[in-house]
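Reading through the structure tokens given below for one structure.
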Amino acid sequence: MSTNTELSAVFSRIADILDIQGENTFRIRAYRNAAQIIAGLSEPVSDLICKADEKGEKIPGIGKGLHDKIIEFCKTGKIKEYEELRASIPTGLIEMLDIQSFGPKRVKLVYNKLGIDSVEKLEKAAAEGKIRVLDGMGEKSEEKLLRSIRDFRTLQTDRKPWEEADKILKPFLVYLRKIKEIDKLEPAGSYRRKKSTVGDLDILATISGDPIPVIDAFVKYPEVEEILAQGSTKASVILKQKIQADLRVVEPESFGAALQYFTGSKQHNIGLRKIAMEKGLKLSEYGVFRGAEKIAGENEEGVYSALGLKWPPPEERE
DNA sequence: GCCGTTTTCGGCCCGACTGTTTTCAGTCG
């Protein structure tokens, strides 16, 4: 594992633990933000930090505090604050965070209310109907949790090599193109950016007419193992090949903006939104807006052009 | 914790979906 990957994971974990401890949300966001930035860097973070230091520059989103922690990690292989944070809560709480749709808030809830500090205890409590009585939880949440714990144990949640994702996605696209309501269909996400590994499959579609039959056909793809969510504009499933696939249905006039948005990277998008704001514009997955007026969105080139930028190939959007 | 400026502190991306509750919080991307 590269230093960038390790450090990104450490910052994510710090954010999780701070979240469980009820820390300031923006401090937490800063750590999550930094984790994203570092994960998206194309060269070792230590090199970049050194170069930036020499030039008296800095990496946006990395201030003095995080800068020092990165240096500490590169020199010693660990971060003292992280070690202390880990020691401050049971290790089982951190493990629970890897359960789908079970985040820091819920981890905190079951720990505080029921003293649950491991996946095993969580599973037992759910099986005994003890989770449904907690605030904000119910019968469905409990059933979903049990399924998620099962997935957590069996599902290969690791990212897949791009080539393997390609082999899974191609026949899925062929299947989807046969649905008559679908006009345009494009894969997005890290697959489109041709990252060496792909975490999940993002598919974008424009349709004519009713979206319901399209969403329906998507979740009924024979390779679907489990349906995670099914709405009128988006659906998420887990395929038998143990990878998540998301379909989003968008209006034709927003296709370019949506394709841009869902191609990412997240860090690239945050950067674009800032540029938009500086120009008095608003960028979303629906388009580029000046006030209430939409000035771009139908295609990607138009979106970048409206922001005064040249269209970058997806693989350069880190 | 970062950032910009208004320099000493206040604002920080945002929408879909779910399950819960009845207007919202949590999770995810």
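Protein chains get the first letters and strands the later ones, always in sequence-line order, with residue 1 at the start of each.
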To the nearest Å, how far apart are [X] [atom1] and [N] [atom2]?
{"X": "A:D246", "N": "B:dG15", "atom1": "CG", "atom2": "C1'", "value": "14 Å"}
{"X": "A:M96", "N": "B:dT27", "atom1": "CE", "atom2": "P", "value": "12 Å"}
{"X": "A:I227", "N": "B:dT18", "atom1": "CD1", "atom2": "C1'", "value": "14 Å"}
{"X": "A:F102", "N": "B:dG26", "atom1": "CZ", "atom2": "C1'", "value": "11 Å"}
{"X": "A:E285", "N": "B:dC14", "atom1": "CD", "atom2": "P", "value": "11 Å"}
{"X": "A:R248", "N": "B:dC28", "atom1": "CZ", "atom2": "P", "value": "14 Å"}
{"X": "A:Q260", "N": "B:dG29", "atom1": "CD", "atom2": "C1'", "value": "14 Å"}

Salt bridge flag under 4.0 Å for residues [X] and [Y]:
{"X": "A:D19", "Y": "A:R32", "result": "yes"}
{"X": "A:R132", "Y": "A:E143", "result": "no"}
{"X": "A:K220", "Y": "A:D216", "result": "yes"}

(request) Could you tell me whether the side chain of A:K240 and the main chain of A:P222 form a donor-acceptor pair under 3.5 Å? (result) yes

(message) Under a 3.5 Å distance rule, please check whether A:S190 uses its side chain to pair with a backbone N or O of A:R193 as donor and acceptor.
(response) no

(message) Going by side chain to side chain contact (heavy atoms under 4.5 Å, CB included), name the residues that satisfy it together with A:A258, two or more places apart in sequence or in a different chain.
(response)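 Result, side chain to side chain contact (heavy atoms under 4.5 Å, CB included) vs A:A258: A:L204, A:V250, A:F262.
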
(message) Just to verify, what does A:R273 make a side chain to side chain contact (heavy atoms under 4.5 Å, CB included) with, not counting sequence neighbours?
(response) A:Y261, A:L283, A:E285

Give me, pair by pair, the N or O atoms of the protein and of nucleotides 1-3 of chain B that are less than 3.5 Å apart, along with how far apart they are.
| unit_1 | atom_1 | unit_2 | atom_2 | d |
| --- | --- | --- | --- | --- |
| B:dG1 | OP1 | A:R27 | NE | 3.2 |
| B:dG1 | OP1 | A:R27 | NH2 | 2.6 |
| B:dG1 | OP1 | A:Y31 | OH | 2.9 |
| B:dG1 | OP2 | A:R27 | NE | 3.4 |
| B:dC2 | OP1 | A:G63 | N | 2.8 |
| B:dC2 | OP1 | A:G63 | O | 3.1 |
| B:dC2 | OP1 | A:G65 | N | 3.4 |
| B:dC2 | OP1 | A:L66 | N | 2.9 |
| B:dC2 | OP2 | A:G65 | N | 3.4 |
| B:dC3 | OP1 | A:K58 | NZ | 2.9 |
| B:dC3 | OP1 | A:G61 | N | 2.5 |
| B:dC3 | OP2 | A:K58 | NZ | 2.6 |

(message) Are A:L146 and A:E123 packed together at the side-chain level, in the sense that at least one heavy-atom pair is separated by less than 4.5 angstrom?
(response)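 Result yes, sub-4.5 Å side-chain heavy-atom pair found.
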
(message) Below 4.0 angstrom, which residues in residues 124-139 of chain A have at least one non-hydrogen atom near DNA chain B?
(response)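 Within this stretch, A:G136, A:M137, A:G138, A:E139 sit under 4.0 Å of the strand.
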
N/O (side chain, [X]) to phosphate O (OP1/OP2, [N]) under 4.0 Å:
{"X": "A:T233", "N": "B:dC17", "result": "yes"}
{"X": "A:S101", "N": "B:dT18", "result": "no"}
{"X": "A:R29", "N": "B:dC13", "result": "yes"}

(message) Parallel, tilted or perpendicular: which one describes the rings of A:Y191 and A:W162, with boundaries at 30° and 60°?
(response)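 Taking A:W162 first and then A:Y191, their aromatic rings lie parallel (interplane angle under 30°).
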
(request) Over 60° means perpendicular and under 30° means parallel, so classify the ring planes of A:F11 and A:Y31, tilted if in between. (result)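 Geometry flag for A:F11 against A:Y31: perpendicular rings.
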
Under 3.5 Å between N/O atoms: give me all the protein pairs with nucleotides 4-9 of chain B, atom names plus distance.
none

(message) Checking contacts here: which listed nucleotide (B:dT18, B:dG29, B:dT27) is nearest the side-chain heavy atoms of A:D200?
(response)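 Between B:dT18, B:dG29, B:dT27, the one nearest the side chain of A:D200 would be B:dG29.
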
(message) Of the listed nucleotides (B:dC28, B:dC17, B:dG26), which one gets closest to any side-chain atom of A:A229?
(response)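 Closest nucleotide to the A:A229 side chain: B:dC17.
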
(request) Give me the one residue out of A:I99, A:L93, A:D98 that meets side-chain contact (heavy atoms from CB on, under 4.5 Å) with A:V119. (result) A:I99

(message) Enumerate the side chain to side chain donor-acceptor pair (under 3.5 Å) contacts for residues 288-297 of chain A, please, sequence neighbours excluded, ordered by first and then second residue.
(response) A:S254-A:K294

(message) Would the base of B:dG29 count as contacting A:Y261 through its side chain, where contact means a donor and an acceptor less than 3.5 Å apart?
(response)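 In this structure, the two groups form a donor-acceptor pair.
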
